[in-house]
Peer 1: 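So that we are looking at the same thing, I have put the structure below in structure tokens.
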Amino acid sequence: MVSGGATVVDAGQGAEAVAAGGVTGDGTSVRSRAVARWRRGRLAAAVGVFLLAGAVLTVVVTGSPGAGTLDPESAGPDGARALAQVLRREGVHVQRVTRVDAALDVAGPGTTVLVVDAPVLAPDRLRRLAATGADLVLVAPDGAVLDALGVELAPAGTASAAVVDAACDDTDAGAAGRATGGGALLRSTGPGATVCFPETGPDGDAAAAGAAGAAGAAGAAGASGAFAVTSLPDGGGTLRVIGQPDVLRNSSVLTAGNAALSLRVLGSQATLVWLMASPLDAAADQPSPQSLLPGWVAPLTAQLAVVALMTALWRGRRLGRLVPESLPVVVRSAETAQGRAALYRQAGATDRAAAVLRAAAMTRLARRLGLPPGSDAAAVVAAAAPAAGRSTADVAALLTGSASRRDGGALVRLADDLDALEAAVAGAATAPPARDPRAPDPSDPHNDRDRDAADPRETEHP
């Protein structure tokens, strides 16, 4: 819009910013700059939120480290951190792993492998652990685990937890004396297995099998209890089975002789591999899908990849040097301003037109007065008022005031007043400094003669 010699320059969000008094010297506002920063950074913000949500979801699904039952890093009631800390202080190297392959890298003669939740492991992986020669400790295994290892033990049902006597001749169980029994009970199926901590009856006395064990026949077939010791086949190490997990838990490790039994069973070797069995090891070792494919699949895939790459290079856009191109349509800036002015007139948006006029005027004034970019309305008013020879209040009302809506005459007067203010500032900036009338005119050739006459001491004599 061109009115009274002032050109309307759309400052984007300048209208609202001027109305709020937040217009800067470059015609923008705090709000518009914030919107621009948000538009530039919203992609990065979205990616960050997506990654954060994925991390949270992963933690929720898989569980945080140390959050599982009998985990050596968990300090909760169901964890086993207390036992692991004591073992470390006694010089045992406790290494927590979650995959069988990691355990196989460490396991061997002179090490102990504790398997938590052994039923999730595939039978072949259990046999690979047993073949390392390490001592194996299982917690509450089922019949499939015992059958896979080929030992003389079998499940004998379950029972409620209760503190019972060892009732066997095993050294570790005898050192503990009394411990928490019950849980997943075990029975021996041959003379090579020793079963301890027999099941108690309803009246709290030892069952028939426990009594027989106390009498020295604990290793006989048919005896059942919560702890068993046997040897692994094929020259393997010793297998110890803990049927009652409470023996290892933080909440009950100090009950009766649980601590003594746990420390002796797990601390018998210098290295303890604490395997938190993962469902990823539930499947037996099987050939990979690639090995099941015909031999010609790999060469064909490579050839197709080469063809796809050549096609992309052929059909892809080639970037070369910049070439100037003629614009299909050239629109003069005056036509753009006139079209915007017509839209303002049709909508009766005199208040917005006035705000745009003020924003453009403040931008030009800030540039002419040498103000830094980003100067606010107060700084422009403070610099323009003395330069134009007007009061600060008048200049502030002119640059930051409001115009009546649907008042075209007021808009024309505002444009004229802004032009006058800019002309006054421009005139003050280009006017030469005032000269003292009593001072000599340097352009007068008689100045030197008059000066010599006024001061004879400065006159040169031959």
Side-chain angles (χ1 to χ4, degrees), residues 1-41 327 330-345 349-403 408 410-435:
M1 176 188 298
V2 179
S3 178
T7 304
V8 176
V9 179
D10 188 6
Q13 302 297 328
E16 291 82 358
V18 170
V23 177
T24 58
D26 57 357
T28 62
S29 65
V30 176
R31 182 186 303 172
S32 63
R33 289 185 173 182
V35 171
R37 285 194 298 269
W38 162 248
R39 289 176 177 174
R40 290 193 301 268
L327 295 177
V330 178
V331 180
R332 295 182 302 167
S333 59
E335 294 182 3
T336 304
Q338 292 173 0
R340 190 176 298 275
L343 293 175
Y344 286 160
R345 183 184 299 110
T350 55
D351 51 349
R352 179 173 175 82
V356 174
L357 285 172
R358 288 190 173 97
M362 290 178 64
T363 301
R364 292 191 294 270
L365 287 173
R367 189 182 303 113
R368 183 175 294 278
L369 294 171
L371 297 178
S375 300
D376 56 8
V380 176
V381 170
R390 301 186 183 184
S391 64
T392 303
D394 293 341
V395 176
L398 182 60
L399 292 178
T400 62
S402 60
L411 186 62
V412 173
R413 290 191 297 272
L414 174 62
D416 293 338
D417 293 341
L418 290 174
D419 281 346
L421 176 62
E422 291 188 47
V425 172
T430 58
R435 185 174 61 86

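Please read these numbers as outputs of a predicted model, since none were measured by experiment.
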Peer 1: Which atom pair, heavy atoms only, marks the closest approach of Val425 to Arg368?
Peer 2: CG1-CD, 4.0 Å
Peer 1: Could you pull out the closest heavy-atom pair between Arg390 and Leu421, with the gap in Å?
Peer 2: NH2-N, 3.9 Å
Peer 1: Quick one: list whatever passes side-chain hydrogen bond (donor to acceptor under 3.5 Å, both in side chains) with Ser391, sequence neighbours left out.
Peer 2: Asp394
Peer 1: Show the nearest heavy-atom pair for residues Ala354 and Leu414, with the distance to one decimal.
Peer 2: CB-CD2, 3.5 Å
Peer 1: Looking at OG1 of Thr400 and CG of Asp376, how far apart are the two atoms once the value is rounded to the nearest 0.5 Å?
Peer 2: 11.0 Å
Peer 1: Would you check if Val356 and Arg340 make a side-chain contact, meaning some heavy-atom pair closer than 4.5 Å?
Peer 2: no
Peer 1: Which of these passes side-chain contact (heavy atoms from CB on, under 4.5 Å) with Leu399: Asp417, Leu357, Val381?
Peer 2: Val381
Peer 1: Looking only at heavy atoms, what is the nearest atom pair of Leu411 and Ala353, with distance?
Peer 2: CD2-CB, 3.9 Å
